[in-house]
J.: 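I have a structure I would like to understand better, so I am pasting it below and will then ask my questions one at a time.
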Amino acid sequence: SAVNGCRQNKEHSFASLNGDDFGLSVTSVCCSQAEFNGNPDSLFFNDGKRRIDFVLVYEDESKHASEKKGSVMRRRFFEGSLMNLGVELEVVDEKLVYVKVHVPFEVLCTYAEVLHIKLPIQPNDLAQQSSTYNCFTRHFYPSEDVIAKEPDFFTAPFRKDQLKCFYVKDREQFFTPAVRSRMAYYILSRAPYDVKGSMKKFGISKLLDGGVYKAAYPLHDSRFNVKSKEPGCPNERFLLYNEWAHPKSFYKMQPLDLIRKYFGEKIGIYFAWLGFYTVMLTLAAAVGLGCFIYGYTTRESSTWSKEVCDPQIGGEIIMCPQCDKICPYWRLNTTCESSKRLCVFDNYGTLVFAIFMSVWVTLFLEFWKRYQAELEHDWDTVEFLQQEEQPRPEYEAKCIYERVNPVTQKEKVPHTVLLIIASVVGVIVYRLAMFITFSAKLRSDLKYSKELEPFKEYVTPQMATSITSSIISFIIIMILNNVYEKVAIWITDFELPRTKTEYENSLTLKMFLFQFVNYYSSCFYIAFFKGKVVGYPGKPVYWFGAFRNEECDPGGCLTELTTQLSIIMTGKAVWNNIQEVLLPWVKNLIFRHCTQVGSEKVIPRWEQDYQLQPIGKLGLFYEYLEMVIQFGFVTLFVASFPLAPLLALFNNLCEIRVDAWKFTTQSRRVVPEKAQDIGAWQPILQGVAILAVATNAAIIAFTSDMIPRLVYYWAFSVSPYSDGSEHTMTGFINSSLSIFYIDHFNNESRPTVDTPYWFNNITTCRYRDFRNPPGHPNQYEYSIHYWHVIAAKLAFMIVVEHIVYFTKFILSYMIPDVPEALKEQIKRERYLTQVILHETNIKHFKELMKNIIISFSLLQTATKNDQPWF
């Protein structure tokens, strides 16, 4: 049976096609071949009527000596299968062969019913509710004169036998180009290309992996910077570039309805989430900036910082060496500048901000659920029925372990191998060992670097070590990113997930765990391990018996943690944006140069799109991963760096436009996909939010000096531990430093360097800890002060965690995931949809019964008169 799309031009014939299920009983099928008509903006076949829904590209091996017969036969079989499924093809044979795919209206109706696509039945005349948020943001949306508002309809899952019930003004416009491309890809992914006995091989993805086709993609509707001259072209790509992706539109809200219409719901929901996250960051950034300004303006008034800088106090306190043999004694006031910097971040405003961020992250997730519910309603994904996915090509090729599926009783199921836990533990050990090694090496080098001598007052060994270690740590992180990515993909491939969704969910968890360790392990080390178990000068603690455990600055490790966070966050943001801008642009430039033809030649739309970069198999995976890692920096360690939300806000304002620019100008048009939510990333965000409460409480309790200062102020600054009668911070520095008798150094740790000129007959030095002094019955054991501080830290953590978790629970309970007004509107629309369909069916039934009655009457009359009734 010949296909309607065939023409009497030069034909390709496909012989001996077998496949009873697909109706491939013909001995020869043909597809039309045509020359390019010279219209670079055309989105149609040469007849100007049939729209191009998809394009397949391959290189004709028959033009070369080494012809691949297997590829040719598979391609012929595949294209024959498509045509027997009702798809029409038109071939343009140039340097490469372009196969244009058109799905006729009848075939679209068939697959719209198979995919349960919801289509309009009647314009929605219900009044739309406007929220306070929309009233504020509507001034920042593109003008409706430029991007018209999408009409709202009552919709219902399509049924071919009820076509008259649907709002069909124009058969060619009934299905949008995105919906047409989605159905075309569905057909392409299920058309067979080989049949061997009872086994069928099918799917365009397998043919792409095997090199049978070089590319398969839907077409952009125009060039991004020039309007199409094609009559009736909506120029949506041009509008998206000018009103969304162009840098001049950085202040505008995103046209989400147009993004969803052009790219599909999956990309639309990503940009909706990213935009919502960015808007919510403005509040966190404002509060964090206020906290920073408060700390900066009050840094000079800190009593304990004044004591450090005072020559009569800090200048008279001699500190013990911080490493064995080669480190000298030093005066406390050399850390004056670092103590002032510490006051900017280690203050009571930080405590308030940490609690605020714990509440903020709950509000963000709860309000996102509400906003997501509104998008589900507006985009008709409330009752989205995800289709059963076909197995991945790798699954069918490699799955050799058979086990009876308890549901289907016939499915192959591979044995899952869970290696991620062992991998993550190995990465933690490696990261900590490398960080300690680098820190120890840099510490010993920088302390005696002559180049730093002029900056000795400002660049302390602690600060120099912190900055250089952070830079090296960032470089290692970026290098290991590629290693961890390959390991995660290798493990996931070894597990052999069956479908693409299962593969992405499995890879999402592994990649996040690897990147969690990669980005955060150094921060966790500084916050919760460094300087915590160091012993005392006469008996230091060693890692693996060789590396002396690092000590914190007299003010604590909070400054170093802040430095680490700022360098990693800033470096990561800059590097990622450079990669996302430069790499696609350079690749496209090289590709165009390699495939360059005469400048006088007019390039058709399908060839222009072929020269763009394909979207990878994982699609938005890396975009989500980048933002979720940033979300971790904003929430997990925000108590040490209140400016993290501000940095994230600036990055996201760039990220939105960079991603938009990449999708609209540098990439082929993606295959539209349905999506209800952000998938596996939602529970990951919730897990990070829960962990953030514990980490921030622990940072305040164990990393900062806030609790020791409070204990001193309320307990040890007055009787019986002090002679004072009023609570004060005076004397805190002296109380926080223990005394060590220098004759008690052992031979392994005793300083061997020359003592400074000011070191005259001094018999003791000080170190950061709460221990009994020499001569005490329990000398160098923990003092009562230490146990007071530990008890206060534990009490603080328990109380704050319970209060914040209880607050989060109350907020989650009080804020419903779906607004009540939206629930009522959904119920109302469902009811009206049923009424409309019911009335339409009754109307059609009455018309049918009327025709039956008329026919019956004619039959009776003809019977009476003994005449034919027809």
J.: Would you mind checking if Lys266 and Asp677 are paired as a salt bridge, meaning a charged N to carboxylate O distance below 4.0 Å?
T.: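 Between Lys266 and Asp677 there is no salt bridge, as every charged N stays at least 4.0 Å from the carboxylate O atoms.
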
J.: What residues form a side chain to side chain donor-acceptor pair (under 3.5 Å) with Lys662, not counting sequence neighbours?
T.: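 Once residues adjacent in sequence are excluded, the partners of Lys662 under the side chain to side chain donor-acceptor pair (under 3.5 Å) criterion are Glu623.
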
J.: Cation-pi check for Tyr262 against Arg669: NZ or CZ below 6.0 Å from the six-membered ring centre and within 45 degrees of the axis, yes or no?
T.: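 Ring-cation test returns yes.
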
J.: So do Lys510 and Thr492 actually touch side chain to side chain, heavy atoms under 4.5 Å?
T.: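 Yes, their side chains come closer than 4.5 Å.
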
J.: Would you say Arg331's side chain and Met319's backbone share a donor-acceptor pair under 3.5 angstrom?
T.: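 Pair absent, no side-chain N/O of Arg331 close to backbone of Met319.
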
J.: Looking at residues at least two apart in the chain, or sitting in another chain, which of them share a side chain to side chain contact (heavy atoms under 4.5 Å, CB included) with Thr282?
T.: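 Result, side chain to side chain contact (heavy atoms under 4.5 Å, CB included) vs Thr282: Leu649.
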
J.: Output yes when a side-chain donor or acceptor of Thr334 lies under 3.5 Å from a complementary backbone atom of Trp330, and no otherwise.
T.: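 No, Thr334 side chain to Trp330 backbone: no donor-acceptor pair under 3.5 Å.
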
J.: Are Phe524 and Phe529 close enough that their ring centres sit under 6.0 Å apart?
T.: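 Between Phe529 and Phe524, which both carry aromatic rings, the centre distance is not below 6.0 Å.
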
J.: Is there a donor in the side chain of Asn576 and an acceptor in the side chain of Glu655, or the other way round, less than 3.5 Å apart?
T.: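 Checked: Asn576/Glu655 side chains show no N/O donor-acceptor pair below 3.5 Å.
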
J.: Within the structure provided, determine whether Leu281 and Phe631 are in side-chain contact (heavy-atom separation under 4.5 Å).
T.: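 No, their side chains stay 4.5 Å or more apart.
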
J.: Mind checking what makes side chain to side chain contact (heavy atoms under 4.5 Å, CB included) contact with Ile629, not counting sequence neighbours?
T.: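 Once residues adjacent in sequence are excluded, the partners of Ile629 under the side chain to side chain contact (heavy atoms under 4.5 Å, CB included) criterion are Phe512, Gln515, Tyr519, Tyr520, Lys572, Leu625, Phe633.
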
J.: Apply side chain to side chain donor-acceptor pair (under 3.5 Å) to Thr303 and list each qualifying residue two or more places apart in sequence or on a separate chain.
T.: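 So Thr303 forms no side chain to side chain donor-acceptor pair (under 3.5 Å) with any residue.
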
J.: Between Lys530 and Glu560, is there a side-chain N and carboxylate O pair less than 4.0 Å apart?
T.: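 Looking at Glu560 together with Lys530, the answer is yes, because their closest N to O distance falls below 4.0 Å.
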
J.: Are Arg237 and Tyr241 in a cation-pi contact, defined as NZ or CZ under 6.0 Å from the six-membered ring centre and within 45° of the axis?
T.: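 The answer is no, since Arg237 fails at least one limit relative to Tyr241.
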
J.: Are Leu274 and Asn652 close enough that some pair of their side-chain heavy atoms sits under 4.5 Å apart?
T.: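 Yes, their side chains come closer than 4.5 Å.
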
J.: Can you name the disulfide (SG to SG under 2.5 Å) partners of Cys343, sequence neighbours left out?
T.: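 Counting only residues at least two positions away or on another chain, Cys343 forms no disulfide (SG to SG under 2.5 Å).
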
J.: Which pairs with one or both residues in residues 684-696 pass side chain to side chain donor-acceptor pair (under 3.5 Å), sequence neighbours excluded?
T.: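 Qualifying pairs: none.
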
